[in-house]
Structures are given as C-alpha cells and as structure tokens.
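Some notes on the structure that comes next.
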Amino acid sequence: ITASRAAVTIYEGAKDSVTHPGTQLKYSKSKQQLKLAREEGLYKTTPYSDSYHQLDIRTEALTWNLRELTIDFAVLSSKNQQTADFESKEFFTNNRYQQLKSINRLHPLQMLVGYSQAHENIKTLNVSTLATDLKTSEPNMRSAMSGLARDGYVQWNSQTGEVTILPKGAHYVAAARDRKDYDHIAIKSLSGTGRNATLNLNTNELLVRGVDRFNFSDDSATVFVRPDSAIIRIQKNRNIKFRGTVVASVMRFKGREFTFDYDGFYVDMAKIDSIVVRSQTKQTGKGAPKRAEFALTNKGIVSTGRLYLNDPKNKSGRKKKGQYPSFDSKSGGNVYFGKQDVLGGAYDSTLVFDIPPFKLDSLNSLSKSATGFDGTFRSGGIIPDLKTKLTVQSDGSLGFVYDVPKDGFPLYKGKGRVFDKVMLDSRGLQSAGIITYQTGTFMSDDFVFYRDSVVTVGRTGNIAAKKEAGIDIPKMNLPSG
C-alpha cells in the first residue's frame, strides 16, 4: 500500500495516539513494515502529534515493523547536522508567534481565534464566511490557513474550505495575550546514526538519543541538563528520566535516577553522586569579584534531593519569583578542607563542615549573597565542634568567622585555650587575639592552626616559670618588634 499523502493515526493504548495530517506512506504486507516519510507539499515540515507524551515530534521518517513493539523516528539526510525536535505542547515563543503574521495585513491566527471567541467559541469555520465578514480576499484567507495548518495550529480542508482551530492554535493566542502559562521545553536530537528516537509500544516510553543538552527556561544559563550518553527517556505528559548533570545557576548536580516531573515542575534526584557550588565574592571597589568552586560531599554512598525549577503555575517564568530555582536536600552533605587551595593542602579529612538536610532558595543569588549553610564545623580536636554558618569569604573561599565566648574555649584538646575570634578561609583555620598554651600567653593578629602546631608572627607573649616532675620552664617575656 502506498500513498503520496495520507493522514495517519497510530494508537498508544486505548486513549492516546501519534497522528500526522499528511505524510508519504508505504506499507509492505510481506515484511509487515510501515514507513512514513515527509511529503513534498503542504505538510512537509508538519510535526507528528503525540498525545501520550504531550509532544510535537518533528522528524523526517517513522518506521514500524509490526512484528515488533517499537517505532523508530529518524532523520534521513544530513544526520550529523539535521536535528529531530521534540517540543512540548505548551511551548511558546513570541518570536514564532509574530513570524506567523509575515506579510499579512492581519495576524491570521489571532484573527481566527478572535473571530471564534466573538461567535460563541465555534472551533470550525469556513474561509468564505471569514473572508466576507472580515472584508478580506478569500484567496489570501486560504493561503493564510494553509500556513497555519503546516505548523499544526489548525486543521485545514482545502476542498470544503473548512478550518478547525486546534489546541496549539488556541494556546499560542492565549499565551501571546498573557492569559495562559506556557513552557520552554524543546529538546533537540542530533544522532549520527539517524535513529533519533524509539517509542516502546509496550511501556509507551520514548527513548531519545543524541541529546547534548536541554533547558527548562528561556534563560539557557539558568537551569539545563546534560544527559549521560546523550540519552533521555520521556514518560507520560513530558516527565523525563535521565542520568547525568543538572546545572541550576550556581549549583551543579551529577548523578543517576533523576526524574523531571512536568506537572510539579521539579527534578527528583534519587542518587546524587556530587554537588558542586560556584561561589563569588561581592563586587568591592575596582577589583573583580573572586570566584571559587567547592564540593558538597555525600555522607553516604549517594545523597538525595529535589530541585524546584519554578512555581508549577509559572513554568514560563513570565512572573518573576526570586525564590526559584530552589533545592531541598534530603540527606545533607559534608564540605572538606583538604584541598590545595586551603593552606596548601595542610589538612586531612578530619577538618570538615557537616551540613544536615537543608533547603536553599534563590539559587541565582546564592553565590553573591549572605546565604550559606548552617551546620557543624569539626576540626579533629584543634578546637571544639562549632555550630555556625558556612558562607563565602572575602577571598572567594568558603569559611566562617566565629566570635569565641569571653572565657575562651579549649585548644588542642585542652592543652591550650583560644580567645576572641576564630576564622576559616583559604589561609586555613586561624585566630586573632589571645591564645594560651601550658604556662604561655601569646597575642597575635594572625595565628594559623595546623593539625599539630600553631604558626604566627606575634605581637607580644610571656611564659610563666614552672618547675615540677622533671619539667623546668623558665620565665620569659617575648616583647613586640
């Protein structure tokens, strides 16, 4: 069976289907194979409509071996340059909407939907009636309706002159008038094999290959995904399963078993292997702000969390809501300070900041704001554990400044005592003020604590005499200068 133009419907279960208004069709009875390809006329670039996944699929060919439960979508020409596109039914851009007007005196889709709304929201109209009522020529009206049909906004019957407004047409006009929310989900697949996607008719999962990255917002730098092996698995209603990297403003998540939930507009992260946060100091004077990256290390083998992309009723981002994107950590994490950029790598894993489960709002401003991580700093016995907040310091590193109680607290498990302030940044764990050790009292603006020693250029110091049990310490004064 062959047809140069055929309307096709392939059912996905009892309620859903993949449809196309006009495609070349070849069916081989002996091979039990259906092949659909682009026709050369009106519907050459028209996408397939997939109701189960709520997607428009723009590709050159569809192949179904009926003995198997899989359908392949493919690009046949320029496989390394031509993408197959998977676009949400709620996708909208104002540029595309304005391009529909082209050289027409009236915007054809806006005119059509406006006429429908003025006539009891009738969805099927005749171009002859439209042309007469709107005082325009019927040939121009027919040409405009053909153009709308090509892009899937309307269903067009050139023989009867009837045009039916499809959901996509109504959606674009409502979104352009700011009366309806929309999204920015448009996934591009570039596969060298040409086999861009496979639909499993048993599970209805749509496996898409050759996806380098895809975005959740019109600001491509804010939140985007780079899937491992360039593969994603699209479920019902645009839910997407993948593994790889999610970049959300200043945070970068890498892991497995990630699931994007379209209705809730969040990403569930079941197994996070690593979280990296990019910090930046505030702009001061003429100097450029300092930037650094730090890792939140998992407390167990993996951590879990949920990344909220935006209010589910504001997928378009047209309303500015500063609390998004936000991240809710279910398992917390640790920040270690054994890297070379902290005191030349002088510390080991005993110097750690322990962060319990946390929630961070406004990730876009996280790196430049006072926002930080509440938790417990552990130094392996240099000083007692401190409950404080880890924030971006003036040198771009993560750390804190802690005011010591008036009576001080123990140093090196009680062998000494530290007073005034304790700080942590790229120069290491430090103190400014007074410390005591055995019979000595020392003052400095810059004590630096190592695992087993203190180094400083001090202001003054004194050591009291002590003689007992074989210990003989003479009295000494250490003057300044």
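FYI, the numbering just counts along the sequence from 1. Atoms considered below: every heavy atom in the structure, side chains included; atoms not considered: hydrogens, waters and symmetry mates.
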(message) I'd like to check the salt bridge (charged side-chain N to carboxylate O under 4.0 Å, His left out) partners of K315; sequence neighbours left out, ordered by chain and number.
(response) none
(request) Determine whether more than 12 heavy atoms belonging to other residues, nucleotides or ligands lie under 6.0 Å from atom NZ of K415. (result) no
(request) Would you check if the side chain of E60 reaches a backbone N or O of L76 as a donor-acceptor pair within less than 3.5 Å? (result) yes
(message) Any donor-acceptor pair under 3.5 Å linking the side-chain atoms of D72 with those of T198?
(response) yes
(message) Can you classify the ring geometry of F260 versus F216 as parallel (below 30°), tilted (30 to 60°) or perpendicular (above 60°)?
(response) tilted
(request) Identify whether the distance between the nearest side-chain nitrogen and carboxylate oxygen of D328 and K330 falls below 4.0 Å. (result) yes
(message) Hydrogens and angles aside, do D183 and S88 bring a side-chain donor and acceptor to less than 3.5 Å of each other?
(response) yes
(message) In this structure, is the centre-to-centre distance between the rings of H171 and F91 below 6.0 Å?
(response) no
(message) Per the side chain to side chain donor-acceptor pair (under 3.5 Å) rule, what does the pair list look like for residues 376-385, sequence neighbours excluded?
(response) D354-R378, T376-K387, R378-D385
(request) May I ask you to say whether R427 pairs ionically with D395, meaning some side-chain N is under 4.0 Å from a carboxylate O? (result) no
(message) E257 and salt bridge (charged side-chain N to carboxylate O under 4.0 Å, His left out): which single residue from K271, K241, R243 fits?
(response) K271
(request) With sequence neighbours excluded, give me every side chain to side chain donor-acceptor pair (under 3.5 Å) pair touching residues 432-444. (result) S444-T456
(request) Look at D151 together with R96 and state whether they make a salt bridge at an N to O cut-off of under 4.0 Å. (result) no
(message) Does the structure place the NZ or CZ of K359 under 6.0 Å from the centre of the six-membered ring of Y308, at an angle of no more than 45° from the ring's axis?
(response) yes
(message) Is it true that, when you exclude R226 itself, more than 12 heavy atoms of the residues, nucleotides or ligands shown sit nearer than 6.0 Å to its CZ?
(response) yes
(message) For T45, is there any backbone N or O sitting under 3.5 Å from a side-chain donor or acceptor partner on R58?
(response) yes
(message) Holding to ring-ring contact (aromatic ring centres under 6.0 Å, His included), I want the full list of residues that pass it with H184, two or more places apart in sequence or in another chain.
(response) Y182
(request) Begin with the C-alpha distance, continue with both residues' side-chain angles, and end with the deciding distance and a verdict on side-chain contact (heavy atoms from CB on, under 4.5 Å) for D50 and K89. (result) CA-CA 9 Å; D50 178 356; K89 293 278 188 186; 5.9 Å; no
(request) Flag the pair R238 and D263 as a salt bridge only when some basic side-chain nitrogen lies within less than 4.0 angstrom of an acidic carboxylate oxygen. (result) no
(request) Check the surroundings of atom NZ in K188: do more than 12 heavy atoms from other residues, nucleotides or ligands lie under 6.0 Å from it? (result) no
(message) Tell me which pairs pass salt bridge (charged side-chain N to carboxylate O under 4.0 Å, His left out) where either residue lies in residues 304-314, with sequence neighbours left out.
(response) D268-R306, D311-K321
(request) Just jot down the ring-ring contact (aromatic ring centres under 6.0 Å, His included) partners of F253, sequence neighbours excluded, or say none. (result) F327
